[in-house]
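Please read the structure below before turning to the comments.
Atoms within each ligand, like the ligands themselves, are counted from 1 in listed order.
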Amino acid sequence: MNQKPHLLLLGGTTEAYTLAKTLADISGVRLTTSLAGRTQNPRRPAGDLRLGGFGGVRGLRTYLAAEAVTAVIDATHPFARTMGDRAAQACTAEGIALLRLERPAWSPGADDQWHMVETWPQALTLVQGLGLQRLFLAIGRTELAAFAGQPTMSWLIRAVDDPGDDPAFASGFPQADVVLGRGPFTTDDDLALLAAHHIQGVICKNSGGDAGRSKLIAARTLGLPVVMLQRPLRPLIQTVNDSAAAVSWCQRHLCAGL
Ligand code: NAP
């Protein structure tokens, strides 16, 4: 019996949803998107969906073999380094083609005041050195711990899910205002948000893409410094920056024999 080629798409990004929509329309290919299951109500992608970790490299190898996966696209977030490393190891071991889809990083313009850091503790030291006390933390909810317990600082935190659900949050961030939201955001909204909360600087990671760019434009417009976490290094694998290139790769790897 001839099985359909099976593409595993490691998702959790806007790009992965867009790509899934196109790939699900290619007849004769089975598409499965995998999500880590971190957000409470994730959007449902086109095609099949599986949720949760695989259980390390060994678990991923087992999944690839059991589900007869033909090719993998790692379209996880630029900061999801562990998943990227594990996908590279598992695909090499199983002899399965792997493509990385990664949006280009942001870069500063002439009017931007960006400070690049490699870790969150460096970011904290930097803003304290600049004498900033009221910061917009746009880093999601899971990495806030590095900024907890700073009695002289106050925060505006934006996240998809409420960090207040974690009991450690209230004690670590007594001076925090929380806004919940999933991008894309508009520049007008972010200008209003930063001004209304008297923000002195923005702390974020270099996610790239359009959905989170508005805070950077707002910071530039208001003359605020931005502390930008640099992207982690990733395994050297074939990488494309847009969905169209990923679709062409799939057609070469999956559709040749259809
Ligand atoms: P990570 O540190 O690279 O991954 C940690 C573990 O989570 C992985 O080892 C894997 O568990 C599991 N995992 C991650 N992505 C998965 C996926 N797509 N399908 C199945 N399991 C997955 O990842 P993270 O930074 O925690 O991010 C988790 C997810 O959120 C990613 O899929 C990413 O695209 C998305 N996301 C991350 C960020 C960010 O800033 N980090 C921002 C937006 C969205 P096992 O080892 O058990 O397989």
Is there a donor-acceptor pair under 3.5 Å between the side chain of Q89 and the backbone N or O of V57?
no

R103 side-chain N/O to D210 backbone N/O, donor-acceptor pair under 3.5 Å
no

Using the six-membered ring of F185, assess whether NZ or CZ of R158 lies under 6.0 Å from its centre and within 45 degrees of the ring axis.
yes

Between T82 and D85, do the side chains contain a donor N or O and an acceptor N or O under 3.5 Å apart?
no

N/O separation below 3.5 Å, T76 to ligand 1:
no

With distance as the sole test, does D112 use its side chain to make a donor-acceptor pair with the main-chain N or O of W114 at under 3.5 Å?
no

About how many Å separate OG of S154 and NE2 of H197, when rounded to the nearest 0.5 Å?
10.5 Å

Using a strict cut-off of 4.0 Å, indicate which atoms of ligand 1 neighbour a heavy atom of G56.
45 (P), 46 (O), 47 (O), 48 (O)

At less than 4.0 angstrom from any non-hydrogen atom of K205, what atoms of ligand 1 do you find?
39 (C), 40 (O), 41 (N)

Which atoms from ligand 1 have a heavy atom of G55 less than 4.0 Å away?
45 (P), 47 (O), 48 (O)

Got a sec, which residues hit side-chain contact (heavy atoms from CB on, under 4.5 Å) with P232, two or more places apart in sequence or on another chain?
F79, R81

For R81, the ligand 1 atoms with a heavy-atom partner under 4.0 Å come out as 3 (O)

Is P78 near ligand 1, meaning one of its heavy atoms is under 4.0 Å from it?
no

Could you list which atoms of ligand 1 come closer than 4.0 Å to a heavy atom of R50?
20 (C)

Do protein heavy atoms approach atom 25 (O) of ligand 1 to less than 4.0 Å?
yes

Below the 3.5 angstrom mark, is there an N/O of F54, backbone or side chain, next to an N/O of ligand 1?
yes

Please identify which atoms of ligand 1 are closer than 4.0 Å to at least one heavy atom of G53.
11 (O), 21 (N), 45 (P), 47 (O), 48 (O)

Which atoms of ligand 1 are found less than 4.0 Å from any heavy atom of G52?
20 (C), 21 (N)

For atom 12 (C) of ligand 1, what is the nearest protein heavy atom, given as residue, atom name and distance?
R38 NH2, 3.8 Å

Under 4.0 Å from one or more heavy atoms of T82, ligand 1 contributes atoms 1 (P), 2 (O), 3 (O), 4 (O), 9 (O)

Given that the side chain starts at C-beta and the backbone is N, CA, C, O, which of these parts of L35 lies under 4.0 Å from ligand 1, counting heavy atoms, or is it both or neither?
backbone

Would you please name every residue forming a side-chain contact (heavy atoms from CB on, under 4.5 Å) with T32, sequence neighbours left out?
H6, L8, R30, D48, R50, Y63

Is the closest N or O pair between E143 and ligand 1 shorter than 3.5 Å?
no

